[in-house]
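Structure, as C-alpha cells:
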Amino acid sequence: MVKYFSCAGFLKSSWDQVFLAFWQRYPNPYSNHVLTEDIIFREVTPDNCLMSRRLLTKTSRAPRWAEKFLPAHMAQKAYIIEDSVVDPQGRTMTTFTWNISHARVMSFEEHCVYRVNPDNNSWTEIKREAWISSNLYGLSRAIQEFGLARFKSNVTKTMKGFEYVLAKMQGELPTRTLAETATVKARETAFAAKEKAKDLASQAQKKQYV
C-alpha cells in the first residue's frame with residue numbers, strides 16, 4: 001500500500017527569481033535538517049534544457065518507537081537524490097526526488113513542477129506530489145503515517161525557506177525566525193551577564209587593595 005499526497009501553492013515572486021532561488025536555498029533558517037548538497041552532474045540538452053542531479057544529506061530522526069528496529073546510523077541521517085529539469089523557454093522547472101537510504105524501511109518519492117502562475121504572471125505556481133510506502137512487516141502503516149506527517153511539515157519549511165531566500169535576493173530584510181530571535185536574546189543576556197561579572201570582579205579586586 002502506498003500513501004499519496006498532493007498540494008499546490010505559490011510564491012509571490014517571478015519564475016525567474018524562483019529559479020535562481022532554487023539553487024541558493026541552502027542554508028536558510030528553515031533548512032537546518034539539510035546537512036550537505038553536492039552536484040553529481042549537470043548538462044545542457046540539445047533543446048537548451050538544464051538537467052542536474054544533486055545528492056543531499058539530511059537529518060532523518062526516526063520516531064522513538066522505531067529507533068529500536070534500526071541501526072544507530074540509520075536513525076539519524078538520510079541520503080536523497082534530486083533530479084531537476086529546467087526549461088527556460090517554456091519557463092518550467094520539474095524536480096523528482098527520492099531517498100536512497102532506508103528505502104527498505106520507507107520509500108519516498110516527490111515530484112514538483114514550478115511554472116508561471118496562470119492568474120498572475122509575476123507569481124510562481126508550485127504543484128507537488130508525493131508517494132510514501134513501507135514494506136516493514138507489522139509497522140508499514142505506522143511508518144507511512146509518520147512519513148506523511150513529516151513530509152507535510154517539511155513542505156511548510158520549504159516554502160518558508162524559499163520566501164526567506166527570495167527576500168534576501170530582493171534586498172529585503174527577512175523577518176527573524178523564533179530560533180534566530182531566541183539566539184540573539186541569549187547572546188545579549190550572556191554578554192550582559194559577562195559584563196556584570198567583570199564589573200563585580202573589578203569591584204572585588206579594588207576592595208582587596210583598600
Side-chain angles (χ1 to χ4, degrees), residues 1-11 13 15 17-42 49-63 66 70 74-87 90-117 123-136 139-166:
M1 185 176 177
V2 178
K3 282 283 184 182
Y4 172 76
F5 176 78
S6 65
C7 63
F10 61 85
L11 292 165
S13 297
W15 182 87
Q17 291 172 326
V18 172
F19 161 66
L20 292 174
F22 179 81
W23 304 109
Q24 301 177 44
R25 284 183 299 168
Y26 310 123
N28 71 69
Y30 302 96
S31 68
N32 294 329
H33 62 294
V34 180
L35 303 177
T36 63
E37 56 172 333
D38 298 282
I39 297 174
I40 299 175
F41 77 80
R42 178 170 286 169
C49 289
L50 176 66
M51 296 181 63
S52 304
R53 171 167 288 184
R54 295 197 295 178
L55 172 65
L56 306 174
T57 306
K58 300 183 179 183
T59 57
S60 182
R61 184 74 181 182
L70 302 171
M74 286 186 64
Q76 297 179 3
K77 287 185 181 180
Y79 297 97
I80 312 293
I81 293 291
E82 175 196 82
D83 283 350
S84 61
V85 179
V86 180
D87 179 0
R91 300 182 80 190
T92 64
M93 177 169 61
T94 304
T95 64
F96 183 62
T97 309
W98 72 96
N99 62 308
I100 57 175
S101 57
H102 318 342
R104 291 185 178 181
V105 178
M106 184 178 71
S107 176
F108 161 79
E109 297 178 358
E110 180 191 43
H111 178 260
C112 292
V113 179
Y114 301 75
R115 56 165 52 97
V116 178
N117 187 307
W123 290 5
T124 302
E125 177 184 83
I126 305 173
K127 289 188 176 180
R128 195 182 309 268
E129 294 180 288
W131 297 263
I132 301 167
S133 61
S134 174
N135 293 319
L136 197 62
L139 293 172
S140 60
R141 184 173 180 179
I143 289 174
Q144 288 173 8
E145 291 291 347
F146 168 77
L148 180 59
R150 173 166 287 182
F151 173 75
K152 290 179 179 179
S153 173
N154 286 342
V155 167
T156 301
K157 292 178 182 177
T158 297
M159 296 299 285
K160 288 183 177 180
F162 254 122
E163 291 169 353
Y164 181 93
V165 174
L166 285 162

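Between F19 and V86, the closest side-chain pair of non-hydrogen atoms falls below 4.5 Å. Looking only at side-chain heavy atoms (C-beta outward), T95 and F22 come within less than 4.5 Å of each other. In this structure the side chain of N154 reaches within 4.5 angstrom of the side chain of K157, judged on heavy atoms. Looking at heavy atoms from C-beta onward, D38 lies in side-chain contact with T36 at the 4.5 angstrom threshold. Taking 4.5 Å as the limit, some side-chain heavy atom of M159 sits within range of a side-chain heavy atom of L11.
By the 4.0 Å N-to-carboxylate-O rule, R25 lies too far from E37 to be salt-bridged with it.
Nearest approach of R53 to I81, heavy atoms of both residues: NE-CG2, 3.8 Å. T97 and E82 make their closest contact through OG1-CG, 3.8 Å (heavy atoms, listed as atom of the first residue, atom of the second, distance).
A cation-pi geometry, defined here as NZ or CZ lying under 6.0 Å from the six-membered ring centre and within 45° of its normal, holds between R42 and W23.
Relative ring orientation between W131 and Y4 is described as tilted, the plane-to-plane angle lying within the 30° to 60° band.
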Full working for side chain to side chain contact (heavy atoms under 4.5 Å, CB included) between K77 and T59:
CA-CA 4 Å; K77 287 185 181 180; T59 57; 5.8 Å; no

Residue pair W123, V116: steps toward the side chain to side chain contact (heavy atoms under 4.5 Å, CB included) verdict:
CA-CA 6 Å; W123 290 5; V116 178; over 6 Å; no

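Looking at S6, its side chain never comes within 3.5 Å of a backbone N or O of E129 through a donor-acceptor pair. Side-chain atoms of S101 come within 3.5 Å of backbone atoms of Y79 as a donor-acceptor pair (strictly under, hydrogens ignored). Judged by distance alone, with hydrogens and angles left aside, the side-chain atoms of R150 form no donor-acceptor pair with the main-chain N or O of G147 at under 3.5 Å. Judged purely by atom type and a 3.5 angstrom limit, S134 has no side-chain atom pairing as donor or acceptor with the backbone of Q144.
Atom CG of N135 is surrounded by 12 or fewer heavy atoms from other residues, nucleotides or ligands within 6.0 Å.
With rounding to the nearest 0.5 Å, the separation of CG in L55 from CD1 in I80 is 9.0 Å. Here the straight-line distance linking atom SG of C7 with atom NZ of K127 works out to 11.5 Å at 0.5 Å rounding. Summarising the geometry, atom OG belonging to S31 is positioned 10.5 Å from atom CG belonging to L56; distances are rounded to the nearest 0.5 Å. Here the straight-line distance linking atom CZ of F162 with atom OG of S13 works out to 10.0 Å at 0.5 Å rounding. One finds the NZ atom of K58 at 10.0 Å from the CG atom of L35 (value rounded to the nearest 0.5 Å). Atoms CD1 and CZ, on I40 and R54 in that order, are 10.5 Å from each other to the nearest 0.5 Å.
The residue from I132, L136, L148 that alone fulfils the side-chain contact (heavy atoms from CB on, under 4.5 Å) condition with I143 is L136.
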When the side chains of residues 106-114 are checked against the rest of the protein, which donor-acceptor pairs come out under 3.5 Å, sequence neighbours left out?
{"from": "E110", "atom 1": "OE2", "to": "R128", "atom 2": "NH1", "distance (Å)": "3.1"}

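Side-chain polar atoms of R115 and T92 form no donor-acceptor pair below 3.5 angstrom.
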